Amino acid sequence: MKVLITARIDETEVDRLITNGFEVKRDGFGLTGIKLDRNQLVTSFKDIDVAIIEFESITEEILSSADKLQVLACLRNEPAASVDITAATKVGVPVLFAPGRNAVAVAEYTIGLMLSIARSIATTHHLLRYTDELTSVSYSDKAGDRKGVTSEWSMDPTAPFQRFQGEELMGKTVGLVGAGYIGQEIAKRAAALGMKLIAFDPYANTEQMAKLNIELTPLEQLAKVSDFVVMAAKVTPESTGVFSAKLFAQMKKSAYFFNTARAALVDYDALYQVLATNQIAGAALDVYPIEPLPSDSPFRKLSNILLSPHLAGATTGVVKHHSKMVVDDLLMMKAGKIPNRVANPEVMESFMKKGGLH
């Protein structure tokens with residue numbers, strides 16, 4: 001059984017495929033860092049039984065020309081970002097995917113941003129590393145006999161100790177907009193820091209929320225009471241622009257806003273306005289309406305914002321997670337069983353009647 005892998009994949013899982021009788025070919029982004037183009041994909045898909053992709057675009061044309069293709073696996077949370085799911089369903093090809101593959105990565109990164117902005121870690125690092133603002137300076141309490149006290153920066157009101165005195169996370173309220181895989185992982189880590197957990201998610205499992213001590217609440221109430229508002233939802237027609245100017249106006253002046261999910265969830269013009277007028281304490285952003293962030297973006301001129309270049313889900317661990325997910329499911333299919341993660345489960349009945357993966 002021939003498998004084409006164009007995704008980033010853990011070598012241990014490649015060895016599992018080979019050990020279980022799969023003939024593996026590597027190409028594309030996972031091997032070279034460059035995605036295969038349309039013509040390369042059409043050619044490569046002609047004689048394979050299974051494809052494991054990540055960032056290559058699998059269109060209706062490619063699927064229609066892949067006469068031998070039995071299973072397509074997309075190593076992403078949202079396989080529709082790379083695969084025409086409707087076209088795959090039309091030709092009866094199950095699409096495996098890796099939901100929650102980067103949930104831990106994004107959760108840890110989000111907590112890191114919360115700590116960094118609440119305690120001015122990124123700001124003070126920049127000032128100390130790249131400017132003389134905190135070094136080439138004299139303080140009144142570091143003169144005379146006090147000049148020799150090397151273990152104390154200064155207690156002067158303009159010195160870092162008072163100027164950057166931050167907030168503890170313990171006891172604060174985290175408001176999660178979305179309580180799926182990522183939201184729940186954020187909640188676990190926030191709870192370990194002694195934070196109160198609330199969430200808005202119309203589709204949340206109430207029993208699971210109760211286990212994690214997450215209180216479900218209306219979105220407007222979440223905006224009003226949260227100290228840290230965290231976007232953790234998927235983009236759907238229903239969730240697009242869900243955090244609006246109206247909700248930003250409801251937030252506490254001492255509150256912080258975080259988006260490590262998708263820019264489409266948020267009214268960024270409204271976010272800029274509340275930051276520029278200090279109506280909220282600050283924000284940390286990892287995603288933007290245009291990426292890379294344009295050099296003339298007004299967000300770059302704000303002093304109450306922490307910016308990162310879409311890195312929340314970028315860890316080596318993500319590759320290990322999604323590799324094991326898809327190989328586990330492929331081996332289940334080879335054994336005649338129904339896989340755990342299928343983006344188009346409606347094809348499975350006819351797929352199994354035809355003999356499954358063989």
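No experiment lies behind these values; they were computed from the predicted model shown.
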Can a side-chain donor-acceptor contact be found between [Y] and [X] if the only test is distance below 3.5 angstrom?
| X | Y | value |
| --- | --- | --- |
| Glu61 | Thr59 | no |
| Ser244 | Asp267 | no |
| Thr260 | Asp286 | no |
| Tyr181 | Asn77 | no |

Can you get from [X] to [Y] by hopping between Ile, Leu, Val, Met, Phe, Trp and Tyr side chains that sit under 4.5 Å apart?
| X | Y | value |
| --- | --- | --- |
| Met333 | Ile52 | yes |
| Met231 | Val106 | no |
| Phe97 | Val71 | no |
| Phe258 | Val235 | no |
| Tyr109 | Ile117 | yes |

Ignoring hydrogens and angles, tell me if any N or O in the side chain of [X] forms a donor-acceptor pair with the backbone of [Y] under 3.5 Å.
| X | Y | value |
| --- | --- | --- |
| Ser350 | Val347 | yes |
| Asn102 | Gly313 | no |
| Asn344 | Glu346 | no |
| Ser323 | Asp10 | yes |
| Ser239 | Thr236 | yes |
| Gln250 | Gln221 | no |
| Asp141 | Ser154 | no |
| Arg101 | Leu75 | yes |
| Lys142 | Glu152 | yes |

SB check [X] [Y] (cutoff 4.0 Å):
| X | Y | answer |
| --- | --- | --- |
| Lys68 | Asp47 | no |
| Asp328 | Arg16 | yes |
| Glu167 | Lys172 | yes |
| Glu349 | Lys353 | yes |

Closest non-hydrogen atom pair, [X] against [Y]:
| X | Y | result |
| --- | --- | --- |
| Val83 | Leu72 | CG1-CD2, 3.6 Å |
| Ala187 | Leu176 | CB-CD1, 3.9 Å |
| Ser226 | Ile198 | OG-CD1, 3.5 Å |
| Leu36 | Ser44 | CD1-OG, 4.2 Å |
| Cys74 | Pro79 | SG-CA, 3.8 Å |
| Leu271 | Leu285 | CD2-CD2, 3.8 Å |

For this session: Determine whether the aromatic ring centres of Phe257 and Phe248 lie less than 6.0 Å apart.
Result: yes

Are [X] and [Y] close enough that some pair of their side-chain heavy atoms sits under 4.5 Å apart?
| X | Y | answer |
| --- | --- | --- |
| Asp27 | Gln40 | no |
| His126 | Thr131 | yes |
| Arg300 | Ser295 | yes |
| Ile338 | Met352 | yes |
| Met170 | Leu193 | no |
| Phe164 | Leu127 | yes |
| Tyr256 | Met114 | no |
| Tyr288 | Leu307 | yes |

Exercise. Going through the distances and angles, do Thr173 and Met195 end up as a side chain to side chain contact (heavy atoms under 4.5 Å, CB included)?
Worked result: CA-CA 6 Å; Thr173 297; Met195 305 182 81; over 6 Å; no

Exercise. So with a 6.0 Å cut-off around CD of Glu168, is the heavy-atom count from everything else above 12?
Worked result: no

Hey, could you give me the [atom1]/[atom2] distance between [X] and [Y], rounded to the nearest 0.5 Å?
| X | Y | atom1 | atom2 | answer |
| --- | --- | --- | --- | --- |
| Glu133 | Thr158 | CD | OG1 | 10.0 Å |
| Met325 | Asn340 | CE | CG | 10.0 Å |
| Leu17 | Glu13 | CG | CD | 7.5 Å |
| Leu275 | Ile280 | CG | CD1 | 4.5 Å |
| Asn20 | Leu331 | CG | CG | 4.5 Å |
| Leu41 | Ile58 | CG | CD1 | 4.5 Å |

For this session: Take Arg189 and Glu185, measure what salt bridge (charged side-chain N to carboxylate O under 4.0 Å, His left out) needs, and give me the verdict at the end.
Result: CA-CA 7 Å; Arg189 287 153 182 78; Glu185 292 297 334; 2.8 Å; yes

For this session: Tell me, please, which residues at least two apart from His125 pass side-chain contact (heavy atoms from CB on, under 4.5 Å).
Result: Arg129, Tyr130

Problem set entry | Residues which pass side-chain contact (heavy atoms from CB on, under 4.5 Å) with Phe29, listed by chain and number, not counting sequence neighbours | Arg8, Lys35, Phe55, Glu56

Exercise. Taking it one step at a time, do Glu215 and Lys196 satisfy side chain to side chain contact (heavy atoms under 4.5 Å, CB included)?
Worked result: CA-CA 9 Å; Glu215 177 187 344; Lys196 180 182 177 181; 4.1 Å; yes

Exercise. So Phe22 and Asp49, side chain to side chain contact (heavy atoms under 4.5 Å, CB included) or not? Walk me through it.
Worked result: CA-CA 10 Å; Phe22 290 87; Asp49 303 290; over 6 Å; no

For this session: Could you walk me through whether Arg26 and Ile9 pass side chain to side chain contact (heavy atoms under 4.5 Å, CB included), step by step?
Result: CA-CA 10 Å; Arg26 307 280 290 276; Ile9 191 164; 3.8 Å; yes

For this session: Applying side chain to side chain donor-acceptor pair (under 3.5 Å), name anything that partners Gln165, two or more places apart in sequence or on another chain.
Result: none

